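Have a look at the structure below, then the notes.
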There are 2 protein chains.
Amino acid sequence: MSGVREQKKLETQQAIQAAAVKLFSEKSFENTSIEDIAKEAGIGKTTVYGYFATKNDIFISYCDEELDHAFMQLQSTDSAEKPICDLLVDFFMIKFTFVTKNQEFGRQMLREMVFPCEVNEKAKVHDQRYFDILEGFFNAAQERNEISQEHELFNLSVHFFSLYLGLLAGWYTGYLNSLPEAEEAMRILFRQAIGGIQ
Amino acid sequence: MSGVREQKKLETQQAIQAAAVKLFSEKSFENTSIEDIAKEAGIGKTTVYGYFATKNDIFISYCDEELDHAFMQLQSTDSAEKPICDLLVDFFMIKFTFVTKNQEFGRQMLREMVFPCEVNEKAKVHDQRYFDILEGFFNAAQERNEISQEHELFNLSVHFFSLYLGLLAGWYTGYLNSLPEAEEAMRILFRQAIGGIQ
DNA sequence: TTAAAATCTCGAACTCGTTCGAGATTTATT
DNA sequence: AATAAATCTCGAACGAGTTCGAGATTTTAA
């Protein structure tokens, strides 16, 4: 009977993850201690470290779950026949709204995702999914001749993603204070990008 | 004889700041404890808290000093008769080089500056100085008709600053691995922004 | 079946950021 | 000059993340 240990390990792992999701949502990252998580998961505090190297790692796996949920919402972006600018604004405003919904959670997550301590393969997979969607948008826009063929899809995606990042920075540094304000700023920047500044 | 206390307070403040600069440079933020700083400054660990509310605050004041130095270098950007694209690349590559010179320091600083815990007036002053320079560039470019008058200087600055941020994110998430690579990517994005993508 | 190896668990302890509280020093008041 | 008020300092202690080490459990090998 091999695999008892493996089975238990999986269960414990999931128990920790579930406890973290629950407590981070109820209280928040800062207000949840490792001991809280351990207690909720029914194990000793030290045992947690057999599964996650640091408290931050638990947070990152929590982010992964949250992002998965958010991704569902995103996929339903109605990519019908809208002009590319509107489409992009819709797309990024969903992300923006999600990430700034909870100021603290968003900040913490962005710090980890945008300026991570070490290259994180899992995050790259996430990014790739978003970029796939974006590239789909641009590809369609190129085919209907709304935008030029001369730019690579990846570079286009990076461009708009960067503008999105800049807006988030503006939010967290206090330049933007409401969603409509953010959307207006986003529209201005996106139009600049599309039309050029020459 | 009034002011003995004030005098001492100033000295202590400077001693802490100097100790922090020294130790953060030698070891790094994480590897420097408050106690280390206190010892170096010749005071008790608790006393530090009379001057800075948190360890992070010490780091932020350290950043301010570093950024001041970096700013000097920046001002000397030769804004002669270069095309705006080259000028912007030069400008932002100085910033990029500075901030990524020490991977860990840069990451920590960017986290604080881009996604700060609370709105930080001092950081805004810094940003303003950079934006002033950028707006100067754009203004000159508009006057020699290199770029259109229709965009506000501020929005233009935000646009390129955002692209710069996106590149830093690319650096820290492992998409960019060398300065020449970063510069090439920057040039591509900047050209996209200038020429538009239509 | 059994002994050795590998792995898992958790109480105790360590580190470091931060707060408390009480005594020391300076300033203000008369 | 003397005393009260304000401020500064730092040893002690607390809280939370993390590591140590030793015993318990499971796997492997014979």
Side-chain angles (χ1 to χ4, degrees), chain A residues 1-24 26-63 104-105 108 111-112 116-118, chain B residues 1-24 26-63 104 108-109 111-112 116-118:
Chain A
M1 93 174 85
S2 160
V4 175
R5 183 161 259 169
E6 217 170 316
Q7 176 61 25
K8 244 201 210 161
K9 191 142 200 228
L10 187 65
E11 277 168 25
T12 306
Q13 154 108 358
Q14 288 173 341
I16 294 173
Q17 212 127 354
V21 170
K22 181 173 179 225
L23 297 177
F24 286 163
E26 276 174 23
K27 308 195 294 183
S28 73
F29 180 71
E30 282 93 355
N31 292 322
T32 302
S33 71
I34 297 274
E35 198 154 16
D36 292 339
I37 295 174
K39 212 169 282 172
E40 176 78 28
I43 57 177
K45 154 162 119 153
T46 313
T47 305
V48 173
Y49 286 88
Y51 298 84
F52 295 92
T54 72
K55 189 186 178 189
N56 235 335
D57 280 4
I58 304 178
F59 181 74
I60 288 170
S61 92
Y62 168 69
C63 287
E104 269 314 289
F105 163 70
Q108 195 98 18
R111 283 184 171 198
E112 287 304 328
C117 296
E118 49 203 20
Chain B
M1 87 170 92
S2 160
V4 175
R5 185 160 259 166
E6 219 168 315
Q7 176 62 25
K8 244 201 212 162
K9 189 139 202 231
L10 187 65
E11 277 169 26
T12 306
Q13 155 108 359
Q14 287 172 340
I16 294 173
Q17 213 127 353
V21 171
K22 182 173 177 223
L23 296 177
F24 287 164
E26 276 174 21
K27 309 195 293 183
S28 69
F29 180 71
E30 283 95 354
N31 292 322
T32 302
S33 71
I34 296 275
E35 198 155 16
D36 291 339
I37 295 173
K39 211 169 284 173
E40 175 78 28
I43 57 178
K45 149 164 122 153
T46 313
T47 305
V48 173
Y49 286 88
Y51 297 84
F52 295 92
T54 71
K55 190 185 177 189
N56 236 332
D57 280 5
I58 304 178
F59 181 74
I60 288 170
S61 92
Y62 169 68
C63 288
E104 270 314 289
Q108 195 95 20
M109 187 177 69
R111 284 184 173 197
E112 287 304 326
C117 295
E118 49 203 21

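Lettering of chains follows the sequences in order, A, B, ..., and the numbering in each one begins at 1. Here the structure is a predicted model, which is why all the values come from computation and not from measurement.
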Quick one: pull up CD1 in A:Ile58 and CD1 in A:Ile37 and give me the separation to the nearest 0.5 Å. 4.5 Å

Within this structure, what is the CG-to-P distance between A:Asp36 and D:dG15, rounded to whole angstrom? 13 Å

For B:Phe59 and C:dT18, what is the distance between atoms CZ and C1' respectively, to the nearest whole Å? 20 Å

Using 0.5 Å steps for rounding, measure from the NZ atom of A:Lys45 to the CG atom of A:Asp36. 10.0 Å

The side chain of A:Thr46 lies closest to which of these nucleotides: C:dA12, D:dC10, D:dA6? C:dA12

How far does the helix from C:dT1-D:dA30 to C:dT30-D:dA1 bend, going by the axes of its first and last five pairs, to the nearest 10°? 0°

Taking B:Lys55 for the side chain and B:Phe29 for the main chain, is one N or O donor matched with an acceptor at less than 3.5 Å? yes

Take the protein atom CD of A:Glu35 and the nucleotide atom P of C:dC10, then report the distance between them rounded to whole Å. 12 Å

Of residues 47-58 of chain B, the positions that come close to DNA chain C - non-hydrogen atoms, cut-off under 4.0 Å: B:Tyr49, B:Thr54, B:Lys55

Over how many whole Å does the gap from A:Arg5 atom CZ to C:dC8 atom C1' extend? 5 Å

Using OP1 and OP2 only, check whether a side-chain N or O of B:Lys9 sits under 4.0 Å from D:dC8. yes

Short side-chain N/O contact from A:Lys8 to OP1 or OP2 of D:dT26, under 4.0 Å: yes

Integer-rounded Å distance: C:dT15 C1' and B:Lys27 NZ: 13 Å

From C-beta outward on A:Ser33, which listed nucleotide comes closest to its side chain: D:dC10, D:dG17, C:dT18? D:dG17

Nearest 0.5 Å, what's the CZ-CG distance between A:Arg5 and A:Leu10? 15.0 Å

Check the distance between C:dC16's P and B:Ile37's CD1 and give it to me in whole angstrom. 12 Å

Can you find a side-chain donor-acceptor pair between A:Gln108 and A:Glu104 that sits under 3.5 Å? no

Rounded to the nearest Å, what distance is computed from the CD atom of residue B:Gln7 to the P atom of nucleotide C:dT27? 11 Å

Working note: A:Tyr51 + A:Gln14, criterion side-chain contact (heavy atoms from CB on, under 4.5 Å); need CA distance, chi angles, decisive distance, verdict. CA-CA 10 Å; A:Tyr51 298 84; A:Gln14 288 173 341; over 6 Å; no

The nucleotide from D:dT18, C:dG17, D:dT25 with an atom nearest the side chain of B:Lys45 is C:dG17

Between CG of A:Leu23 and P of D:dA16 the distance, given in whole Å, is 13 Å

